[in-house]
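In what follows, a structure is listed as structure tokens, so that the remarks can point back to it.
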There are 2 protein chains.
Amino acid sequence: MISSRYNPNQRVTVAVDCVIFGFDSEKLKLLLFKRKIDPFKGSWSLIGELIDNDVSLEDSANQILYKLSGLDNVYLRQLKTYGAVERDPLERVISVVYYSLIRIDEFNLKSTESHDAHWFDFEEIPELILDHGQMVKDAIRRLRLRARNRPIGFELLPEFFTLPQLQTLYESIYNTEFDSRNFRKKILSLGILNKTEKKDKSSSRKGAFLYQFKEKSLDNSSMNNGDFDKIREVIQF
Amino acid sequence: MISSRYNPNQRVTVAVDCVIFGFDSEKLKLLLFKRKIDPFKGSWSLIGELIDNDVSLEDSANQILYKLSGLDNVYLRQLKTYGAVERDPLERVISVVYYSLIRIDEFNLKSTESHDAHWFDFEEIPELILDHGQMVKDAIRRLRLRARNRPIGFELLPEFFTLPQLQTLYESIYNTEFDSRNFRKKILSLGILNKTEKKDKSSSRKGAFLYQFKEKSLDNSSMNNGDFDKIREVIQF
DNA sequence: CCAAAAGTGTTAAGCATACACCCATGC
DNA sequence: GCATGGGTGTATGCTTAACACTTTTGG
């Protein structure tokens with residue numbers, strides 16, 4: 001093994017961990033894993049890997065998700081890097097954490113993984129190893145922050161979805177309830193949705209119209225500040 | 001040198017870099033340094049160091065600032081971690097970047113540093129090494145984002161300051177101008193300032209009242225969303 | 001026909017914006 | 001006495017928030 005040319009004495013291991021959020025049309029969920037190696041084998045944790053020498057941080061995170069699910073191009077953002085000296089008891093490990101938003105309906109765990117993984121409701125998140133609990137708290141806070149300023153969560157829904165579903169998603173993110181009239185007004189005023197003529201009748205007899213995001217608007221549009229603003233940190237995670 | 005117990009083949013060096021913002025009562029500035037080692041010796045860059053094995057990321061950043069200026073307890077936040085494979089031509093280096101806000105009036109560069117460092121106006125920022133230019137852009141965007149939601153920038157002012165100074169600071173952060181009546185109304189309505197009876201006459205004959213931040217409000221208060229909102233990304237950095 | 005969810009409009013309050021003049025002082 | 005920057009109030013439009021009833025349809 002070759003040591004650093006800049007500093008031969010540095011001994012630091014770098015890992016990437018992923019906070020994976022999903023939405024099943026009713027609740028926002030978090031994907032957790034039973035750790036397969038010691039220390040803490042068998043405890044719940046985020047999924048992660050040590051990085052390879054020739055893979056960027058972002059690609060590392062993408063690879064983790066791809067290996068897990070076969071999904072490519074998932075929504076993935078860097079959250080924060082955790083670098084306390086003693087955070088891992090075995091050796092100095094610095095963890096660069098990403099969070100991702102995925103559509104549970106498109107997400108199929110590879111069978112080898114599936115019995116070691118579980119989607120948790122937020123109220124049921126178990127004790128996590130190391131500082132993973134803090135990572136999850138930070139990720140939720142970030143998700144809320146982002147959802148205030150941008151039409152996030154579109155990554156969490158299937159291509160066609162109803163307004164009640166979208167409202168439920170936002171209610172789930174902020175752990176609160178919205179007035180449906182105001183919610184629809186605001187969302188529709190953004191002009192980023194295409195209404196289709198189809199209805200989804202899976203959750204009511206009347207059926208709700210299906211909408212789709214206008215492709216182009218996804219990247220560009222940022223909602224006015226103040227959107228979905230009434231709600232802030234209703235529950236402290 | 002001992003290799004990682006988790007992955008003996010990993011060879012990654014970890015550095016911490018700091019984006020240092022300062023304010024001199026007129027303009028927001030950025031502190032840059034002439035790099036002292038190869039590669040790129042002599043080019044402008046952020047200041048940074050490889051981390052020590054037994055120092056946390058945050059402490060590393062604090063130490064960098066302390067060594068530089070003797071200042072302790074400066075405002076310091078993690079920005080982002082940069083981990084492209086080829087970002088440093090010599091070897092794989094991952095850089096965890098922090099940004100800090102300091103009061104230039106309290107900040108005295110140690111003499112050994114001072115001739116290799118310079119405060120730059122934003123319009124005059126030179127070409128920087130590696131991806132440091134991107135880091136600065138990201139830091140400015142983050143600073144603006146934070147200033148929207150919180151009474152930031154109080155770290156950038158001396159203990160006693162005038163409202164025109166505070167307004168100049170915000171104008172400098174957003175690269176725009178505010179209406180002074182609206183600005184004062186908004187700031188004062190936050191209830192986080194103590195007015196003193198003293199005046200600062202350094203910039204006008206009439207003199208401007210000095211204000212001070214209410215200690216307690218610094219941490220807790222977060223401004224309403226929408227404050228200082230008119231301005232968004234007026235200039236694209 | 002009834003239960004259950006979808007869909008729809010109006011009003012009131014608060015907030016952001018635009019805008020122009022007097023004040024205090026040192027020189 | 002005048003030039004310079006500090007300080008102040010009001011009117012308008014927009015955005016948000018509160019609020020209740022009708023529609024559709026499967027069973």
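Values in this document were obtained by computation on a predicted structure and should not be read as measured data. Residue numbers begin at 1 in each chain, while the letters A, B, ... track the order of the sequences.
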For A:E26 and C:dA5, give me the distance from atom CD to atom P, rounded to whole Å. 11 Å
How close or far is atom C1' of C:dC21 from atom CZ of B:R181, stated in whole angstroms? 9 Å
Row check, B:F183 ring normal vs B:K185 NZ/CZ: under 6.0 Å, within 45°: no
For B:A61 and B:L76, which heavy atoms make the closest approach, and how far apart are they? CB-CD2, 3.5 Å
In whole Å, what is the span from the CG atom of B:L166 to the P atom of D:dG6? 13 Å
B:D179 has an atom CG; how far is it from atom C1' of D:dG9, in whole Å? 11 Å
Nearest-nucleotide check on DNA chain D, B:A208 vs A:K201; residue mapping nearer the 5' end is B:A208
Between CG of B:N182 and P of D:dA11 the distance, given in whole Å, is 15 Å
Rounded to the nearest Å, what distance is computed from the CZ atom of residue A:R184 to the C1' atom of nucleotide C:dT10? 17 Å
Base, sugar-phosphate, or nothing: which does A:T162 touch, judged by heavy atoms less than 4.0 Å apart? nothing
Strictly under 6.0 Å, is that where the ring centroids of A:F154 and A:Y75 end up? no
Under 4.0 Å between a side-chain N/O of A:R205 and OP1 or OP2 of D:dG27, yes or no? no
Start with the C-alpha gap between A:K34 and A:W44, add the side-chain angles, then the distance that decides, and say whether side-chain contact (heavy atoms from CB on, under 4.5 Å) holds. CA-CA 5 Å; A:K34 277 205 182 121; A:W44 290 103; 4.0 Å; yes
What about B:K206, does its side chain sit under 3.5 Å from the base of C:dA24 through a donor-acceptor pair? no
Whole-Å distance between D:dC19 C1' and A:E177 CD? 15 Å
Could you walk me through whether A:K27 and A:E124 pass the salt bridge (charged side-chain N to carboxylate O under 4.0 Å, His left out) test, one step at a time? CA-CA 12 Å; A:K27 288 193 145 188; A:E124 298 168 350; over 6 Å; no
When the distance from CG of B:L210 to C1' of D:dG6 is rounded to whole Å, what number comes out? 13 Å
Quick one: on DNA chain D, does A:S204 or A:K185 contact a more 5' nucleotide (nearest heavy atom)? A:K185
Could you check B:G207 against A:Q165 and say which one's nearest nucleotide on DNA chain C is further toward the 5' end? A:Q165
Judged by each residue's nearest nucleotide on DNA chain C, which is more toward the 5′ side, A:S203 or A:K195? A:S203
